[in-house]
Amino acid sequence: MAAADTQYDYDLFTIGAGSGGVRASRVAAAHGARVAVAEEHRVGGTCVIRGCVPKKMLVYGAHFAEDLHDAARFGWTVGERRFDWIALRDAVLADVDRLNGLYRQTLENNKVTIFDERATITGPHEITLASGRTVTARIVLVATGARPFVPDCPGAELGITSNEAFHLDAVPERVLIAGGGYIANEFAGIFNALGAKVTIMNRGETILRGYDEALRDRLLQISLLKGIDFRFNASFRGIARSDGGALRVSMTGHDDLEADCVLFATGRLPNSGGLGLEAQGVTLGERGAIPVDRFSRTATDWIYAVGDVTDRVQLTPVAIREGQAFADTVFGDQPSSVDYDCIPSAVFSHPPLASVGMTEGEARNAYGGVKVYQSDFRPMKNVIAGRNERSLYKMVCDGTSGRILGLHMIGPDAPEILQAAAVAVKAGLTKADFDATVALHPTMAEELVLMR
Ligand code: NDP
């Protein structure tokens, strides 16, 4: 980095210490920049504090319900089974505390100053903290993430979002989940396994729009088998608390429904309001997203933005890459930008699904000839367990060259398996390359090289 510009208090001031902000701050500091970061909630951001990480732990916790049931089929005598939500909740929250501490330590080890308060941009290169203190910085990075969107309806305040789901005092007996996306299907799997009666309602007639149709359909069928109810083409009319304390939900196209908890999982909106961006020449885009160029720079040359607040791809590893590329570009003299092609993603539903590249529908629209290979199988473990759940792997290839355009999987450990296979898809390998690889037997993953 060029010599420090002492005209400003800091070379970089980052607003928001989530995945993108922390990576950008610590890498910029390692490049020699004088860095400060402001966080009004907890260092770590959505993923670590109230998203991916605690959610995955709940998924693990919930899965024991099935595992304990299946254990008996494998000869184990399992004693009385009891589940203690408070024990799981508090173990998860304790680990969140541990991670929060590690993230703070990472920043401190890199000599990044942390302000535990809200920051807003109040003038050119000027930031004002909630305490009233004003500081200046050559570059400001906005990494404030996103927040749950709650549709407007009478009684909406009676519902909760994923933020609150991690802090419940008990597993609700009846849960109505609004939305059919990631969060809806993940929490449906968790609450259903933990004994709740779960209903998903969605405004459209599908779940997980954007994923391959065959996978979506398989998850829907398995979820129904597990006892999750679905209500499609349903919009809220209103939510009211009845005398007994339950929530009475009325919706279009369906009968009223009683629930003990309504969880909104209806998308997330960029946290861009009230930061003072417009006054500095940054006009917000659709849904409040901050428009940026491929180097994450806004229309104002000293303001940058990374992560969910830019609404490019709302995924943690993408925010981290954007933060890294920003720091390398601006403070490391290595201009770099993120490659958004072939980003793998997963839904940690029961069972999980994972995907990389084009769906069959997208590939057929983009390419003339497309060849699709599939493996529809019952995992060995499910046979003895008497669990009638079939996995589905699907490979979408360019009909001419055989290059893999998309790979889609639903079944146990699908995200673990897909991460490795995504390397091959990203590298442009073909179906023939997969066929040339000897199967690793007996595994579920071997189906990847045995598809017909
Ligand atoms: P999603 O975008 O996945 O799903 C939102 C759902 O809400 C969709 O079913 C959508 O319907 C519906 N919806 C959207 N707007 C409205 C509205 N105005 N009224 C009623 N319904 C509406 O969002 P989530 O909240 O589940 O998750 C937010 C984001 O967080 C995800 O997009 C993802 O990027 C990230 N995430 C990633 C995870 C992972 O990687 N495993 C886990 C959790 C979250 P329709 O289908 O009609 O659009």
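When a ligand or atom number is given, it counts from 1 through the structure's own listing order. Computed from a predicted structure; not experimentally measured.
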query = Do NZ/NE/NH1/NH2 and the carboxylate oxygens of Asp256 and Arg248 come within less than 4.0 Å?
reply = yes
query = Quick one: side-chain hydrogen bond (donor to acceptor under 3.5 Å, both in side chains) partners of His408, sequence neighbours excluded?
reply = Ser355
message = Taking salt bridge (Lys or Arg N to Asp or Glu O under 4.0 Å) as the cut-off, I'd like each qualifying pair that reaches into residues 341-357, sequence neighbours left out, listed once.
response = none
message = Taking the basic N atoms (NZ, or NE/NH1/NH2) and the acidic carboxylate oxygens, is any pair closer than 4.0 Å for Arg387 and Glu66?
response = yes
ask   = Ring centres of Phe264 and Phe236 under 6.0 Å apart?
value = yes
Summary of salt bridge (Lys or Arg N to Asp or Glu O under 4.0 Å) pairs that have at least one residue in residues 180-195, sequence neighbours excluded = Lys55-Glu186
Under 3.5 Å: N or O atoms of ligand 1 paired with protein N or O:
unit_1, atom_1, unit_2, atom_2, d
ligand 1, 3 (O), Tyr182, N, 3.1
ligand 1, 9 (O), Gly180, N, 2.8
ligand 1, 9 (O), Asn202, OD1, 3.2
ligand 1, 9 (O), Asn202, ND2, 3.2
ligand 1, 11 (O), Asn202, OD1, 3.4
ligand 1, 11 (O), Arg203, NE, 3.3
ligand 1, 15 (N), Arg203, NH1, 3.4
ligand 1, 25 (O), Gly267, N, 2.9
ligand 1, 26 (O), Tyr182, N, 3.2
ligand 1, 26 (O), Ile183, N, 2.8
ligand 1, 34 (O), Gln314, O, 2.7
ligand 1, 41 (N), Glu186, OE2, 3.0
ligand 1, 41 (N), Ala346, O, 2.8
ligand 1, 46 (O), Arg209, NE, 3.2
ligand 1, 47 (O), Arg203, NE, 2.9
ligand 1, 48 (O), Arg203, NH2, 2.9
ligand 1, 48 (O), Arg209, NE, 3.3
ligand 1, 48 (O), Arg209, NH2, 2.4

